[in-house]
> 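Supplied in structure tokens, the structure appears directly below.
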Protein chains: 2
Amino acid sequence: MAHENFTIGDLAKATETKVVTIRYYERIGLLPEPERTAGNYRSYSASHLGRLSFIRRARDLGFAIEQVRDLLSLSDQRDRPCEAVDAIACEHLAEVERKIADLQALRRELGSIIDQCGCGTIAECRIIEALSP
Amino acid sequence: MAHENFTIGDLAKATETKVVTIRYYERIGLLPEPERTAGNYRSYSASHLGRLSFIRRARDLGFAIEQVRDLLSLSDQRDRPCEAVDAIACEHLAEVERKIADLQALRRELGSIIDQCGCGTIAECRIIEALSP
DNA sequence: TCTTGACCCTATAGTTGCTACAGAGTGCAT
DNA sequence: ATGCACTCTGTAGCAACTATAGGGTCAAGA
């Protein structure tokens, strides 16, 4: 029972990943190449499913592909200290916080520009004016 | 005096844009093609400077290239109502707000995962665990 | 048995907004 | 006259996929 195999479509459905994306992950070496059937179809095992789930979760949390690659290789070295994992996660968190701050500044500026628009003609539009030199 | 001309490098410095980026904007039709000198150098006028400043400002505010293109063409039609301008700006603001919300959700999740890490070995790392299926 | 339709295969090009070469020409100052 | 900073064109690369073309495979129904 531990030997069930999946087609790429099965794997796609199970992990909510597109088929092309799975092939892409294989091409860039994130997901190991699976066996092939007689008809040259990819044939995945449970370990592929696990690995792809890991990738998806990490990607959903916004980790970059290279970070995911590092996390995957760390997750295989089970008796090493987890500081490296922590470092990647914290770096990513800091990045997210920086992006939030940037976007909040943007929102303020954009909001104040929009608020000034009296919606007359473009000649008197404050939005265009704010963009003009 | 209204007839000073600039090299691409001058324009780059004045607008804090890279030279290659200016050529890129020309290639995609965002910035009109300038005259050329005898030596085939681009020769820009004040109107180019104005237009590039507009582009830079809009890009700094996070508008996509296609939105900038629309804003530019609207800004030339001075006696039309400015609702279209307003629509582009509001659409962009909504997008920014959506991104902020997404990133805040991400930050919460990431933060709570990191908080759980006791920094032992990877085998017991909560971060890896949170990613694993 | 044949055929339909859903699936799978590879390879290549497109997306966004630039950035980075390579290899060549221009222009000004010393 | 020669060095150096600047400019030119064209092409390829980045992230992280997505789309398209042009085929092959497989299970089920008529």
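Lettering of chains follows the sequences in order, A, B, ..., and the numbering in each one begins at 1.
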> What's the angle between the local helix axes at either end of the helix from C:dT1-D:dA30 to C:dT30-D:dA1, using five pairs per end and rounding to 10 degrees?
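Roughly 30° between the end axes, to the nearest 10°.
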> Using heavy-atom distances to pick each residue's nearest nucleotide on DNA chain D, tell me which of A:Ala38 and A:Tyr24 is more 5'.
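That would be A:Tyr24.
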> CG/A:Leu52 to OG1/A:Thr17 distance, rounded to the nearest 0.5 angstrom?
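The CG atom of A:Leu52 sits 4.5 Å away from the OG1 atom of A:Thr17.
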> Check the pair B:Thr121 / A:Asp79 against side-chain hydrogen bond (donor to acceptor under 3.5 Å, both in side chains), numbers first and verdict last.
CA-CA 5 Å; B:Thr121 67; A:Asp79 46 357; over 6 Å; no
> Measure the distance from CD on B:Glu26 to P on C:dT19 and round it to the nearest whole Å.
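For the pair B:Glu26 CD and C:dT19 P, the rounded distance is 17 Å.
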> Rounding to an integer number of Å, can you tell me how far A:Asn40 CG sits from D:dG23 P?
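A:Asn40 atom CG is separated from D:dG23 atom P by 17 Å.
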> Within the structure, does a side-chain N or O atom of A:Tyr25 lie under 4.0 Å from either OP1 or OP2 of D:dC17?
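Result: yes.
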> Just N and O in the side chain of B:Arg42: are any of them under 4.0 Å from OP1 or OP2 of D:dT7?
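For B:Arg42, the contact criterion (side-chain N or O under 4.0 Å from OP1 or OP2 of D:dT7) is not met.
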> From CZ of B:Arg69 over to P of C:dT16, roughly how many Å is that when rounded to an integer?
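For the pair B:Arg69 CZ and C:dT16 P, the rounded distance is 10 Å.
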> Can a donor-acceptor pair under 3.5 Å be found between the side-chain atoms of B:Tyr41 and the base atoms of D:dC6?
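Indeed there is one.
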> Can you tell me how far apart SG (B:Cys117) and CD (B:Glu129) are? Round to the nearest 0.5 Å.
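So the gap between those two atoms works out to 10.5 Å.
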> Give the minimum heavy-atom separation between A:His92 and A:Leu61, together with the two atoms involved.
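Minimum heavy-atom separation between A:His92 and A:Leu61: NE2-O, 2.7 Å.
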> Looking at B:Thr7, does any N or O in its side chain come under 4.0 Å of the phosphate oxygens OP1/OP2 on D:dC6?
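No, B:Thr7 has no side-chain N/O under 4.0 Å of OP1/OP2 on D:dC6.
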> Do A:Thr7 and A:Asp10 have side-chain N/O donor and acceptor atoms under 3.5 Å apart?
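Present: a donor and an acceptor within the cut-off.
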> Which part of the nucleic acid, if any, lies within contact of A:Arg23, taking any heavy atom under 4.0 Å across all strands shown: a base, the sugar-phosphate backbone alone, or nothing?
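Touches a base.
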> For the pair made of NZ in B:Lys99 and C1' in C:dT16, what is the distance, rounded to whole Å?
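Atom-to-atom, B:Lys99 to C:dT16, this comes out as 11 Å.
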> Do any of residues 54-66 of chain B sit with a heavy atom less than 4.0 Å from DNA chain C, and if so which?
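Heavy-atom contacts with DNA chain C come from B:Arg59, B:Ala64, B:Ile65.
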> By nearest atom, which of the nucleotides D:dT18, D:dT7, D:dC26 is closest to the B:Ile8 side chain?
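Of D:dT18, D:dT7, D:dC26, D:dT7 is nearest to the side chain of B:Ile8.
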> Between P on D:dA5 and NZ on B:Lys13, what's the gap in Å once rounded to a whole number?
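Answer to the nearest Å: 12 Å.
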> Can you tell me how far the CG atom of A:Leu71 sits from the CZ atom of A:Arg57, to the nearest 0.5 Å?
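It is 13.5 Å, given to the nearest 0.5 Å.
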> From CZ of A:Arg27 over to C1' of D:dA19, roughly how many Å is that when rounded to an integer?
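That distance rounds to 12 Å.
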> Could you pull out the closest heavy-atom pair between A:Tyr25 and A:Arg59, with the gap in Å?
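Distance-wise, the nearest heavy atoms are OH-CG, 3.9 Å.
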> Between A:Asp102 and A:Arg98, does any NZ, NE, NH1 or NH2 come within less than 4.0 Å of an OD or OE carboxylate oxygen?
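Salt bridge absent between A:Arg98 and A:Asp102.
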> Within the structure shown, what part of the strands sits under 4.0 Å from B:Ile28 by heavy-atom distance: base, sugar-phosphate, or nothing?
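Contact class for B:Ile28: none.
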> How many whole angstroms separate atom OH of A:Tyr44 from atom P of C:dC7?
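Rounded to the whole Å, the gap is 16 Å.
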> Give me the atom names and distance for the closest heavy-atom approach of B:Ala46 to B:Phe6.
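It is N-CE1, 3.9 Å.
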> Please say whether more than 12 non-hydrogen atoms of neighbouring residues, nucleotides or ligands are located less than 6.0 Å from CZ in B:Arg56.
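Enclosed: over 12 neighbouring heavy atoms sit under 6.0 Å from CZ of B:Arg56.
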> For C:dT19 and B:Thr21 - does any side-chain N or O of the residue sit under 4.0 Å from the phosphate oxygens OP1/OP2?
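Yes, within the criterion.
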> Calculate the interatomic distance between B:Leu31 atom CG and C:dC18 atom P; express it in whole Å.
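Taking CG of B:Leu31 and P of C:dC18, I get 13 Å after rounding.
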